[in-house]
Amino acid sequence: MADYFEGCPICLDQNMPASLAIDYQDLPRSLERVGDWQAYPDCPTLGEGNTPLVRMQGLAKEIGVHALHLKNEGANPTGSHKDRMSRFVVQRALQSGAETVAAASSGNAGVSLAAYAAQAGLDCVIVTTPAMNTNWRRAIEMHGATLLAAQTPQRRWQVLADRVRAGDWYPATNFIVPAVGSNPFGVDGYRSLAFELFLQLGTDACTDIIVPTSRADLLWGIARGYCDLQKAGLIDELPHIHAVEPFARISNALAGADYRDHFEGHSALTSIGGSTVTYQALDAIASCGGSAVVVEDEPTYDDQRRLARRYGFYLELSSAAVLTGLRKLVAQGTVGRDARVVLVGTSSGGCEYRAFSQGIASVD
């Protein structure tokens, strides 16, 4: 079984980069054990997954939908959904005989990969930028990982690409332009979120799921999980899965722009920033009849405060954007008044942005 770190080689040769996916020919007929639906059912864990699904009926009335739940991914071991990916990236790296795992990250992904690499006894390198949050920096260093600072996000990818192609590092994240998704074994781990929602909601199945989105690893994983549930005969209808973005990237691609283009924009929602779109984003939305919605900074700050002060959830700003996105989707009629909605709260707000300018070894 080969690892294609740059996605489908045929697509790449045609300058149409696309991620690869694990294809399950035979799926179980029940979800008695979620691990049986995954590539590595019994690999070591830090206790990720099975995160709380919290009913928020007061907020549902405020927004104007029938039912509303928050899937609190901040309850994962390192505080974000990235743990679902890191567990399987590390397991695949071990199986491949790798000694060092690496990622281009300025936050949650780096902390998560460092933690799971530490558990597995692997070396870990995180290529970041000088603007990295000090809290994330400390967490990564506490797990024993090496931090390297490149001057720009784009330069991070080149550093990662050079070392991966030299055979030195096993990558968790994308490093090519046009972009593909992260390591396919890791992205496959996000399918578990769909399985958990199916089990937690029971007969009160959701109609719409709102997901903070950059290069759509999580969006695709949830969509693929639900498609697998349908394939196995456990559900009849798929929920609509909507991407929330800080400026028009996926929205432009859905409107006809070439997904390989650069879509520049500026936002305080740094965790879902970036100027690239992946084909997997378009595939996820198409497979589940979803959409993409753009949110602005100021109303997202307002919703972050409201979630914390009124409902007790302090989410990272990029995560709180799901509430802002839902408001817009309801206002434009994309999400109906009879909808049963799940907001995916991808990470807690404990690591809000604080810049630093020194202390990490630099790369040219």
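Numbers here are sequence positions counted from 1. Because the structure is a prediction, the values reported are computed rather than measured.
- The ring pair (Phe, Tyr, Trp, His ring centres under 6.0 Å) analysis of residues 57-78, with sequence neighbours excluded, yields no pairs.
- The side-chain contact (heavy atoms from CB on, under 4.5 Å) test with Ile209 is passed by exactly one of Leu193, Val341, Leu197: Leu197.
- Closest approach of Asp258 and Phe263 over heavy atoms only: O-CZ, 3.3 Å.
- Between the Arg87 side chain and the Gly189 main chain, no donor and acceptor come within less than 3.5 Å of each other.
- Dense packing is recorded around OH of Tyr311, with more than 12 heavy atoms of other residues, nucleotides or ligands lying under 6.0 Å away.
- Between Arg327 and Ile63, the closest side-chain pair of non-hydrogen atoms falls below 4.5 Å.
- Looking at heavy atoms from C-beta onward, Ser319 lies out of side-chain contact with Glu73 at the 4.5 angstrom threshold.
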Full working for salt bridge (Lys or Arg N to Asp or Glu O under 4.0 Å) between Arg306 and Glu62: CA-CA 12 Å; Arg306 183 151 186 76; Glu62 175 188 322; 2.9 Å; yes

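- For the pair Thr213 (side chain) and Ala243 (backbone), a donor-acceptor distance under 3.5 Å is absent.
- For the pair Thr207 (side chain) and Arg340 (backbone), a donor-acceptor distance under 3.5 Å is present.
- Side-chain atoms of Lys82 do not come within 3.5 Å of backbone N or O of Leu113 as any donor-acceptor pair.
- Of the possible polar contacts, none joining the Arg155 side chain to the Thr129 backbone as a donor-acceptor pair under 3.5 Å is found.
- Within a 6.0 Å sphere centred on NZ of Lys61, heavy atoms belonging to other residues, nucleotides or ligands number 12 at most.
- When side chains are defined from C-beta on, Phe195 does not count as touching Leu234, because their heavy atoms never get closer than 4.5 Å.
- Glu196 places no side-chain N or O within 3.5 Å of a backbone atom of Gly49 that could act as its donor or acceptor partner.
- In summary, Lys231 and Asp228 do not engage in a salt bridge, as defined by a charged side-chain N under 4.0 Å from a carboxylate O.
- For Tyr226 and Phe198, the ring centers are positioned 6.0 Å apart or more.
- Across every non-hydrogen atom of Ser251 and Ala292, the tightest pair is OG-CB, 3.6 Å.
- Annotation for Asp26: atom CG does not count as buried by contact number, only 12 or fewer foreign heavy atoms lying within 6.0 Å.
- In terms of modelled atom types and a separation under 3.5 Å, the side chain of Asp83 and the main chain of Ser112 share no donor-acceptor contact.
- The nearest pair of heavy atoms linking Val164 to Pro171 is CG2-CB, 3.7 Å.
- Cation-pi geometry between Arg92 and Phe88 is not satisfied (NZ or CZ under 6.0 Å from the ring centre, within 45° of the ring normal).
- The closest donor-acceptor contact from the side chain of Asn72 to the backbone of Gly74 lies under 3.5 Å.
- The heavy-atom pair separating Ile250 from Val277 by the smallest distance is N-CG2, 3.7 Å.
- Across all their heavy atoms, Gln280 and Asp217 have their closest contact at NE2-OD1, 2.8 Å.
- In this structure a side-chain-to-backbone donor-acceptor pair under 3.5 Å is missing from Ser347 to Glu316.
- In this structure, the side chain of Ser105 engages the main chain of Gly110 through a donor-acceptor pair within 3.5 Å.
- Heavy atoms from other residues, nucleotides or ligands lying under 6.0 Å from CD of Glu32 number 12 at most.
- Taking every heavy atom of both residues into account, Glu48 and Tyr116 meet most closely at OE1-OH, 2.6 Å.
- When the side chains of ILVMFWY residues are joined at heavy-atom separations under 4.5 Å, either directly or via intervening members, Phe247 and Leu254 end up in two distinct hydrophobic clusters.
- Around OH of Tyr279, the count of heavy atoms belonging to other residues, nucleotides or ligands within 6.0 Å does not exceed 12.
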